[in-house]
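Letters go in sequence order (proteins before strands), and every chain restarts at 1. Since the model is a prediction, treat every value here as computed from it, not as a measurement.
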Amino acid sequence: MHLNGKNVMDNITIARLLDETAALLEIDGQDPFRVRSYRRAAEAVEQQTTQLATLTEPDSDPKALLAIAGIGKGMAQNIRDLVATGTMPLRAELLTKYKPTMLELLRLPGMGPKTVAMLWSALAVADIDTLEEAAKAGHLLKLPRMGQKFTEKLLKGIADHKKNTGRFRIDQATAFADRISALIREFPGIETITPAGSLRRGRETVGDLDLLVTGPACEPDVVAAAVDHVAALPLIDKLIAKGQNKVSFTLRNQLQVDVRLLPRASYGAALQYFTGSKHHNVTLRQRAIKRGLTLSEYALLRVEDNVIVAAATEQEIYNALDMAWIPPELRENCGELEAAAASFAGKAEGGLPTLITREDIRGDLHMHTFETDGACSIRDMAEAALARGLKYIAITDHSKNLAMTNGMDDARALAHAARIRQVNTEMEGRITLLAGVEVDILGAGELDLEDSTLAQLDIVVASVHSRFDQPAEQMTDRVLAALENPHTRILGHPTGRKLLRRDPYAIHLEKVLKRAAELGVAVEHNAAPARADLNDLHLRMAKQLGCRLVVNTDAHAIEDLDYIRWGITQLRRAWLTAADVLNTQPTAEALLANLRPKP
DNA sequence: GCCGTTTTCGGCCCGACTGTTTTCAGTCG
């Protein structure tokens, strides 16, 4: 990352180095609580919207770092060392004893710090390839607690790791969750199946799937039959574990699924527990202990006599801990527990926000038709948007520079606008259509249609579509220049980020967001998971900088309008309310009044 | 290494599952 012309360490890198140090400490067999504090610090750093490098400069407030929960005197010094030198004494010392490739070993299933440490001391194994050789040669059998079965499992794990597909997009994971749930539901006596874990929290990607199953068939005395049913599902590729009330398996695409079957009486406790996040739960249980209670996936119990205080619903559990119920999207131990306590106590300040919902969205300002690369007509899109309860939409087909989409030149853009206005009339006020264009930002930031054309349109979305390989400075300058064009009303997909793909263009987002806020250009969050643009951290940053935000689907077909669901999820994760998003305005007139005025 | 309405020391979440074991250590979520 660049700052005032200098190349400095960004928060993500600082967090990664702290997390790696935690892993090395663990391999070194050091105090687990010290390890945890490094992990916690890494998480805290990752969540910050301001770059910590700016807080380590000599003239900045020395207390600023300490104000972050989880960062004390020692960790603040570590961060200063990292920013100044690229490493820190503890990390450098650990790396003289161990090799960084050992961290890769920890990602193999069944491999933890103790095993990695033993492999290193007994066999000098420090990387996956050497481990594979040792396992195939049978060297592991000589080691304590390692037999034939462990070796087989490890080799399978290594093979899977090598073709590893990593994390899955939230929409794809949801589709799998639905399919698996339908199969599980065929067993009589199963009533409710709820995806928990990071899917319920609305993370953009999930590493595995947690499915929570309840119903009469899940009562302790009869659950075994239901467990057998789950363990025999036809789409299971590999069964990983099968216990009294838990089944773990992977699908052919390597997605891991954990299914838990739990009695109805403890449904709320189980849902709370398996939704996480881990750090949210840890803090919650600490809070329970302070009140003489203990929380597990079965119940919130009073310690002195083991009496159940709450178990059936999440609401009961949070309330018993003097907190309001917390929406799953906020459960990241990022201030939500304090806010929930304030809400429960009826305090006016610092409570939980009323998060934005799908119903708050009244318009969608970015979509395509078959005039360029969409699949439907203007009328189709209008009717579909109306059916979904929208009050206004903008039709924004591509401009000429995107030749592969049959992009429009000036004359076509104006003719298309006339047709959009015609359909608007035909809709007789049931929904308002705004005439727009998604214009391409060219090399030096100029737009690829004439200003005289843009002047006749309601909505101009300016987006970068090419040269993602340019250096960040150049891309940033290009976007900044496009913002200066007075016709630019919305900055479309500002980072060009393609989730799970390696080639998003780098951009100095903070600079761009600041300028957009100053000029009153609205910044788009693209709701489609495949094009997921700003993550919750970016969205928080945008709010902090005073940006006007819009969430658009960039729909190319009718069903794409439903992408709004995923966009809303990310907005909620960023603690945003309806007031933070422009396309919650009740009418097209109100929306236009909030956009940058036309020149 | 962090933290504090039991505060500067002594705590730091909880339970299930696996493999290799005869009572448990390590891993996982």
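At the heavy-atom level, A:Thr294 lies under 4.0 Å from the strands shown only through sugar-phosphate atoms. Within 4.0 Å of A:Ile289, counting heavy atoms only, lie sugar-phosphate atoms of the nucleic acid but no base atom. Looking at heavy-atom distances under 4.0 Å, A:Leu262 makes no contact with the nucleic acid at all. Within the nucleic acid shown, A:Gln148 comes within 4.0 Å of sugar-phosphate atoms alone, with no base atom in reach, counting heavy atoms only. Backbone-only engagement by A:Pro109 is indicated by non-hydrogen atom pairs under 4.0 Å involving sugar-phosphate atoms exclusively. In this structure, A:Phe150 reaches the sugar-phosphate backbone alone: every heavy-atom distance under 4.0 Å involves primed, P, OP1 or OP2 atoms, never a base.
Within residues 114-146 of chain A, the residues having any heavy atom under 4.0 Å from DNA chain B are, by residue number, A:Lys114, A:Thr115, A:Arg145, A:Met146.
In this view, A:Asp305 and A:Arg302, A:Val307 satisfy the side chain to side chain contact (heavy atoms under 4.5 Å, CB included) rule, not counting sequence neighbours.
Taking 4.0 Å as the cut-off between side-chain N and carboxylate O, A:Arg572 and A:Asp536 do not count as a salt-bridged pair. Comment: A:Glu20 engages A:Arg91 in a salt bridge, judged by a side-chain N to carboxylate O separation of less than 4.0 angstrom. Between A:Arg573 and A:Glu332 there is a salt bridge, with a side-chain nitrogen of the basic residue lying less than 4.0 Å from a carboxylate oxygen of the acidic one. Using a cutoff of 4.0 Å between basic side-chain nitrogens and carboxylate oxygens, A:Lys114 and A:Glu26 are not scored as salt-bridged.
Here the side chain of A:Tyr38 is nearest to one of B:dG29, B:dG19, B:dG1, namely B:dG1. Proximity note for A:Gln256 (side chain, C-beta onward) versus B:dG29, B:dG19, B:dG15: the nearest is B:dG29.
Positionally, the nearest nucleotide of DNA chain B for A:Ala69 lies more toward the 5' end than for the other of A:Ala69 and A:Arg36. For the pair A:Thr151 and A:Pro113, both in contact range of DNA chain B, the more 5′-proximal nearest nucleotide belongs to A:Thr151.
In this structure, A:Phe176 and A:Phe168 have perpendicular ring planes: the angle between them is above 60°, well past the 30° mark.
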- List the steps and the verdict of salt bridge (Lys or Arg N to Asp or Glu O under 4.0 Å) for A:Glu314 and A:Arg331. CA-CA 13 Å; A:Glu314 284 190 337; A:Arg331 299 185 196 171; 2.8 Å; yes
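Across B:dC28 and B:dT20, the matching P atoms stand 15 Å from one another, rounded to whole Å.
For B:dG15, the base has no donor-acceptor partner in the side chain of A:Tyr298 [N/O atoms by modelled type, under 3.5 angstrom].
Base pairing analysis places B:dT8 opposite nothing; no Watson-Crick or G-U wobble pair with both distances below 3.5 Å involves it.
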